[in-house]
Amino acid sequence: MNPPLAAAWQALDAHAQALRGQSLRDLFAADATRFSRHSLHVGELLFDYSKQWVTDETLVLLDNLAQAADVAGWRERMFAGEKINESEGRAVLHVALRQRGDAPVLVDGVDVIPEVRATRARMRKFCEAVRSGQWRGYSGEPIRTVVNLGIGGSDLGPRMVTAALNAIGHPTLAIHYVANLDAADIAPTLEALDPRTTLFIVASKTFTTIETLTNAATAREWLLANADATGDNPKLRQLALARQFVAVSASPQTAIDFGVNPEMIFGFADWVGGRFSLWSAVGLPLALAIGMDAFERLLDGAAAMDEHFRSAPTRQNLPLMMALLGVWNSSVRGAGAYALVPYSQSLRLLPDYLQQLEMESNGKSIGRDGEPLARPAAPVLWGNAGTNAQHAWFQLLHQGGRLLPVDFIAIAESDYPLPDHHERLLANCFAQSEALAFGNPDAEPAYRRCPGNQPSSTFVLPRLDPYHLGLLLAAYEHKTLAQGVIWGINPFDQWGVELGKKLAQRLLPAIEGGALPAGSDSSTGGLIAHCRAVRAR
Ligand code: F6P
């Protein structure tokens, strides 16, 4: 570790020791302006971090850490298209997908912007044809249902935003997402659908992912068997495949080999990481749901956050402050987990999406230099929508005795304005951060006591529209980059998921009835033998 970086960490450790004994009550009592001095705005988005256990000195020391780690340098290398994903030899340019001007972005000397624009123009044309009912299936009927088949980054982003923006979704076009290898995902979905009016999107960056290919094969079989029930009309089969089977992939040839019509493939480049791919053609099911204009507004919001991240000074820089507060909590104070609680039913899937973004990116313990990290990096992220979460696991936040920071997300105006609901929802959100911060440490008897000092940040979006959602999501993306840089990690690879995939391939023949691979442990062998016996009964 470079000496300034080591010194910055040590200074934070010493500072945390010195702060011991200061409660959040003390910090608020000492400064009536704490909220205004420890909150920031990006346009109409408010970020309040005054309930974090930090002082001005903490923020100076955290800024020193960011500088010693050269967050600004890595940020600019990313925007410039340098191959900062070193282990895969790739640039990291999800930001190019939402760049608003035509300024060239070069990868290996080639400007990638014209291709990005061309794909979006094709998406627009296709979305308009499907949404208006002009696009017809094999029977001549318009499309009424879209099923996205993808997993991980090829599922979570569009699935989450489709749910988040349901209030502006197409009134009659239904969008389904199927991800799991378990037939219990696709089987009931297909049961409820009409093959004449269903469009499938197979979304896979690599087009090798076993879950997606298995679901795609099942969907193709279902579509073709229904299109040509008598088995003597190959023209109908061709038509069904050509008009109702779309692929989104960075590996178009593999999609063609699978049988997808080359004209029905929407591509993206290998410099788009799976968990950063919402902004690419992977967003197609979402664009079908909300329309291309609204999809562009999502990109506008993300682009505004890109600009903010590049230009705002540290104390005003939302993603950087999110990153630094997270590092402070997890790597200095030792929080092994943090909760994300959107007080918005529409954002109920946000924790799932951010789990992949943060945990697949920074859930690592080997640095870019190949050495083990000196301190733990990404905490576990979990969460679900408030107020549901309050009635399930908030008890542990209040009295469980563990340091468990929280990100609260509130929306000032409801996307479903019914009397009474939203005011009560907001009251609950703000009451929870208040209770966590200050507790009731003097309550009697002792079992009623909440000690307080549970840190939290609160985001307030003016409303849940595409622009502000884009702004928020891009903030979490840049937070992830900044944290990866500070921890010395490459946030853009995911080698940890490979081993399990390989082992599953190796075990499959044994589950199907073949011999157990040589050298298998007794637990794995025992589990397989047990399932085989149960299945043979
Ligand atoms: O196994 C993890 C992963 O590679 C994720 O990073 C990715 O988002 C997901 O699988 C799906 O990959 P693909 O889009 O190539 O099917």
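The figures here come from the full heavy-atom set of this structure, side chains too, leaving out hydrogens, waters and symmetry mates. Whatever order the structure lists them in is the order used to number ligands and atoms, beginning at 1. The first residue in the sequence is number 1, and the count goes up from there.
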Exercise for the section: Could you say whether the N/O atoms of Ala203 and ligand 1 ever approach to under 3.5 Å? Expected result: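 In this structure, Ala203 places no N or O atom under 3.5 Å from an N or O of ligand 1.
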
Handout entry: Sub-4.0 Å heavy-atom contact, Gln356 with ligand 1
Key = yes

Handout entry: Location of contacts on Thr206 toward ligand 1, heavy atoms closer than 4.0 Å
Key =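 Within the 4.0 Å criterion, Thr206 contacts ligand 1 through backbone and side-chain atoms alike.
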
Problem - CD/Glu498: more than 12 non-hydrogen atoms of other groups inside 6.0 Å - result: yes

Handout entry: Enumerated ligand 1 atoms positioned under 4.0 Å from heavy atoms of Ile151
Key =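 Counting from 1, the qualifying ligand atoms are 9 (C), 11 (C).
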
Exercise for the section: Could you pull out, from Leu213, Val202, Thr209, the option with a heavy atom nearest to atom 13 (P) of ligand 1? Expected result: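 Comparing heavy atoms across Leu213, Val202, Thr209, the nearest one to atom 13 (P) of ligand 1 lies in Thr209.
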
Handout entry: Nearest-option assignment for atom 10 (O) of ligand 1, heavy atoms, candidates Arg275, Glu211, Lys205, Lys501
Key = Lys501

Handout entry: Side chain proximity check, Leu350 to Leu472, heavy atoms < 4.5 angstrom
Key = yes

Exercise for the section: Could you check if a side-chain atom of Phe492 sits within less than 4.5 angstrom of a side-chain atom of Glu88, using non-hydrogen atoms only? Expected result: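 Counting from C-beta outward, Phe492 and Glu88 never come under 4.5 Å.
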
Exercise for the section: Might you work through the side chain to side chain contact (heavy atoms under 4.5 Å, CB included) test for Ile411 and Tyr343, ending with a clear yes or no? Expected result: CA-CA 7 Å; Ile411 319 286; Tyr343 274 70; over 6 Å; no

Handout entry: Nearest non-hydrogen protein atom, atom 3 (C) of ligand 1
Key = Glu360 OE2, 4.1 Å

Problem - Distance from atom 8 (O) of ligand 1 to nearest protein heavy atom, with residue and atom - result: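 Atom 8 (O) of ligand 1 sits closest to the protein heavy atom Gly153 N, 2.8 Å.
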
Practice task
Examine Arg122 relative to Phe266 and say whether NZ or CZ is less than 6.0 Å from the centre of the six-membered ring and inside a 45° cone about the ring axis.
Solution key: yes

Exercise for the section: Of all the heavy-atom pairs spanning Met78 and Val95, show the shortest one and how long it is. Expected result: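 Closest heavy-atom pair between Met78 and Val95: CE-CG1, 4.1 Å.
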
